[in-house]
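First comes the structure, then the notes that go with it.
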Amino acid sequence: MEIGWIPNQRQRQVLIFFVLLSMSGADTELGPYFVVEEMEKGSFVANLGKDLGLELPQLSTRRARVISQGNKEHLQLKVQTGDLLINEKIDREELCGTTEPCILYFQVLMEMPLEIFQAELRVKDINDNSPVFTEKEMVFKILENSPLGNTFLLNNALDLDVGNNNVQKYNISPNSHFHVLTRNRSDGRKYPELVLEKELDREQEPEVRLTLTALDGGSPPRSGTSQVRIEIVDINDNAPEFQQPIYKVQVPENSSVGSLVVTVSARDIDSGAYGQIVYTLAHSSEETNKILEVNPMTGEIRLKKQVDFETVKFYEMDIEATDGGGLSGKCTLVLQVVDINDNPPEVTMSAITNPVPENSPDTVVAVFSVSDSDSGTNGKMVSSIPEDLPFLLKSSGKNFYTLVTERALDREERDEYNITITVSDLGTPRLQTQHTITLQVSDMNDNAPEFTQSSYTLWVRENNSPALHIGTISATDRDSGSNAQLTYSLLPGPQPGADAAAALVSINADSGQLFALRALDYEALQAFEVRVRAADRGSPPLSSQALVRVQVLDANDNSPFVLYPLQNASAPCTELLPRAAEPGYLVSKVVAVDRDSGQNAWLSFQLLKATEPGLFSVWPHNGEVRTARLLSERDAPKHRLLLLVKDNGEPPRSASVTLHVLLVDGFSQPYLPLPDAAAPERAQPDRLTAYLVIALAAVSSLFLLSLLLFVAARLCRRSRARSLAGCALPDGPLPGHLLDVSGTGTLAHSYQYEVCLQGGAGTNEFKFLKPIIPNLQPQGSGKEIEENSPFRNSLGFNY
Ligand SMILES: *[C@@H]1O[C@H](CO)[C@@H](O)[C@H](O)[C@H]1NC(C)=O
Ligand SMILES: *[C@@H]1O[C@H](CO)[C@@H](O)[C@H](O)[C@H]1NC(C)=O
Ligand SMILES: *[C@@H]1O[C@H](CO)[C@@H](O)[C@H](O)[C@H]1NC(C)=O
Ligand SMILES: *[C@@H]1O[C@H](CO)[C@@H](O)[C@H](O)[C@H]1NC(C)=O
């Protein structure tokens with residue numbers, strides 16, 4: 001049976017019983033003995049022999065022994081020496097726990113006689129145990145705003161030792177916020193208490209780690225530690241705080257919507273919801289609300305709308321940051337809009353003169369102003385117009401310009417100008433505006449009409465119908481409108497007597513069409529000139545003139561006219577033909593004229609009918625009638641020839657000639673008047689003489705003729721028609737307005753002399769030819785000619 005460490009009621013009763021029992025057997029008590037715990041085995045405790053008063057051998061003979069409490073043999077008795085020794089290490093804590101004093105009761109038992117001695121061993125504590133905390137770490141949560149002096153109970157440490165060797169003191173590791181107090185419990189145990197001695201700030205030190213040391217009172221003291229972790233619990237003691245009190249940003253006005261202006265950032269050192277920040281625009285006006293938006297979470301401020309420097313140059317607003325606890329901080333955002341050259345210049349026309357009269361230099365054409373809503377160089381402007389235009393740009397005050405004509409304009413050269421005014425600003429990039437004004441140049445009557453030709457020649461065939469359109473005269477005028485509306489009129493020609501010619505034609509005042517007023521007669525008038533005047537309707541009007549020459553073209557309107565032989569003579573002309581004439585003898589020559597000209601006056605001759613065909617032949621070109629063969633006695637004395645004179649016109653016109661030929665035997669009476677029937681008989685005896693005379697006369701007259709011809713030709717050529725008044729050759733100068741008409745007659749040049757001689761007044765020697773060609777009037781053949789026609793003079797025949 002074991003005696004309990006901490007005896008309860010029942011154990012105590014048992015103990016008392018034992019004590020009483022032992023005391024009843026042996027009244028001797030030993031001890032007490034003192035021993036320190038944890039002594040080595042064999043350590044000496046006491047000498048029981050001496051204490052019992054027994055001799056050594058007795059101890060062994062009486063078989064003395066030690067009986068320990070419990071089943072442990074803490075002690076042993078050396079009977080040889082009587083020493084009580086430690087048999088087994090004694091642990092006080094194990095033996096007694098916290099009981100103090102710690103007493104180990106044992107008995108010394110001897111036999112023969114049986115003797116029991118009570119003894120007690122007091123075990124003294126040594127500091128062989130350190131304080132121990134049951135928890136390695138203690139965790140606390142303390143509000144950061146806990147008042148100073150607050151105490152917090154800590155767990156205490158346990159020390160198995162007792163008394164002074166138990167925990168005596170608690171220490172805490174050095175720190176600035178807490179100290180520890182060692183408190184007494186009523187049972188004497190000590191416990192630690194943590195005292196707050198300086199304010200906590202979670203934001204500075206969210207957690208405090210301390211080491212709590214428990215010290216016992218041993219010497220040297222032993223200690224045990226535990227960690228104390230204090231989590232400081234946040235309270236919303238910090239307002240959000242912006243990193244900058246003022247954010248200054250410059251925003252180019254061309255920044256697109258949604259672009260980031262700035263990111264504001266505030267900090268709240270509180271944790272959790274107290275540190276969560278929401279950004280808002282504070283006290284913002286309607287205007288800024290439209291312009292900017294704030295991301296409440298990130299603080300990014302973006303453009304909600306395009307900014308316009310020209311409208312608002314500057315925004316200022318507050319931005320508020322609010323944490324979850326309702327605390328807020330604010331900053332100011334100053335937003336400066338930066339001008340970008342985004343506005344082209346504008347041109348405002350104030351006045352414009354349109355149309356501009358031509359011939360007006362230095363005239364103000366337009367007044368305009370320019371403007372640009374940008375600022376600085378972006379708003380400075382330069383204006384220009386193309387250099388190749390006859391206009392000048394003059395500055396008339398800041399941003400005001402006048403456009404003036406540089407020189408006189410000429411509408412006929414250019415009647416419209418597109419003037420492009422270019423205004424560009426000096427920003428980068430340059431913006432420019434173009435404004436084009438279209439100027440009309442108005443007309444002034446500064447150009448006279450101009451004829452398409454300086455002179456005109458018109459042809460009109462004679463015998464035209466009246467009011468025949470013979471041609472159109474046209475002029476142009478480089479002006480416009482009424483300044484270019486032309487009227488035509490006729491003026492008398494430059495030569496005297498031209499009024500009459502002007503009366504022959506008329507002109508349409510508007511169209512310039514020229515009409516012949518009546519039928520023209522080429523034979524009367526080959527050409528005439530008139531002047532045409534064209535005048536415009538300007539004010540004052542301008543005019544110019546042109547010469548129009550009208551040339552009359554010939555038509556075959558005249559039949560050939562036979563000059564010889566005379567056709568209406570009462571006694572028809574008879575040619576004498578000697579019977580002895582050789583073939584080819586020139587019997588006669590038909591002379592005819594045609595008043596037409598050119599082909600219409602080319603005559604040809606033709607034998608139509610003869611009494612004796614084959615006897616005569618007619619030369620088609622010159623009208624000579626010659627014998628075709630030798631004459632014979634059988635040939636009839638009288639012959640009648642019918643000849644046709646035809647011109648070459650289209651259609652041809654013709655005249656017929658009757659020629660009488662009388663065959664004679666001799667040639668002695670050439671001057672005889674028309675022979676009667678007896679004449680041939682009279683001539684017979686003188687035939688030979690007559691032949692001789694004729695031959696002589698023919699030779700001499702031929703010589704004289706050729707000599708005279710030569711002289712006459714000379715004279716004629718030298719003094720032309722003046723010296724030969726009656727011999728007006730067709731190519732001589734013509735009076736008045738009538739023009740030279742050549743080839744009026746049909747005589748070939750080789751026969752002209754005959755005509756000339758016939759008209760000559762002082763050439764009497766050749767009058768021998770004259771009786772053959774009597775006076776005649778060009779009548780009965782061909783066309784009638786007006787009595788007072790100038791034609792008569794022009795031919796120069798003296799009838
Ligand atoms: C605790 O007890 C010790 C000794 O037992 C004594 O010195 C001290 O004053 C006591 N402390 C308190 C706070 O009672
Ligand atoms: C704004 O204008 C500047 C200068 O003209 C140019 O460099 C920039 O690209 C423009 N930005 C936008 C978004 O158009
Ligand atoms: C002026 O501009 C108008 C319209 O663009 C055009 O019809 C006309 O031909 C131009 N005139 C000149 C002389 O360039
Ligand atoms: C022949 O005619 C012309 C002109 O018609 C005339 O002058 C002349 O008297 C006439 N001769 C004869 C003889 O009839």
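Every number for a ligand or one of its atoms is a count from 1 in the order of the listing.
Ion pairing between a basic and an acidic side chain is recognised when a charged N comes within 4.0 Å of a carboxylate O; R267 and E241 show no such pairing. Ion pairing between a basic and an acidic side chain is recognised when a charged N comes within 4.0 Å of a carboxylate O; R229 and E137 show such pairing.
Taking any N or O of N254, backbone or side chain, at least one lies under 3.5 Å from an N or O belonging to ligand 2.
Under a 3.5 Å cut-off, the side chain of E253 and the backbone N or O of F309 do form a donor-acceptor pair. No donor-acceptor pair under 3.5 Å is formed between the side chain of N238 and the backbone N or O of I269.
Put simply, part of P429 is less than 4.0 Å from ligand 2, judged by heavy atoms.
For the side chain to side chain contact (heavy atoms under 4.5 Å, CB included) criterion with E462, the lone passing option out of L553, D554, N556, L525 is D554.
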Taking a 3.5 Å cut-off between nitrogen or oxygen atoms, can you list every pair linking ligand 3 to the protein, with distances?
{"from": "ligand 3", "atom 1": "2 (O)", "to": "N418", "atom 2": "OD1", "distance (Å)": "3.4"}
{"from": "ligand 3", "atom 1": "2 (O)", "to": "N418", "atom 2": "ND2", "distance (Å)": "2.3"}
{"from": "ligand 3", "atom 1": "11 (N)", "to": "E416", "atom 2": "OE1", "distance (Å)": "2.7"}
{"from": "ligand 3", "atom 1": "11 (N)", "to": "N418", "atom 2": "ND2", "distance (Å)": "2.9"}
{"from": "ligand 3", "atom 1": "14 (O)", "to": "N418", "atom 2": "ND2", "distance (Å)": "3.3"}

Show every donor-acceptor pair shorter than 3.5 Å between a side-chain atom in residues 349-358 and any protein atom, with sequence neighbours excluded, or say none if there are none.
{"from": "T353", "atom 1": "OG1", "to": "V364", "atom 2": "O", "distance (Å)": "3.1"}
{"from": "T353", "atom 1": "OG1", "to": "V365", "atom 2": "O", "distance (Å)": "3.4"}
{"from": "N354", "atom 1": "OD1", "to": "Q440", "atom 2": "N", "distance (Å)": "2.8"}
{"from": "N354", "atom 1": "ND2", "to": "T438", "atom 2": "O", "distance (Å)": "3.0"}
{"from": "E358", "atom 1": "OE1", "to": "R411", "atom 2": "N", "distance (Å)": "2.7"}
{"from": "E358", "atom 1": "OE2", "to": "M444", "atom 2": "N", "distance (Å)": "2.7"}

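Note: F515 and H469 have tilted aromatic rings, judged against thresholds of 30 and 60 degrees for the angle between ring planes.
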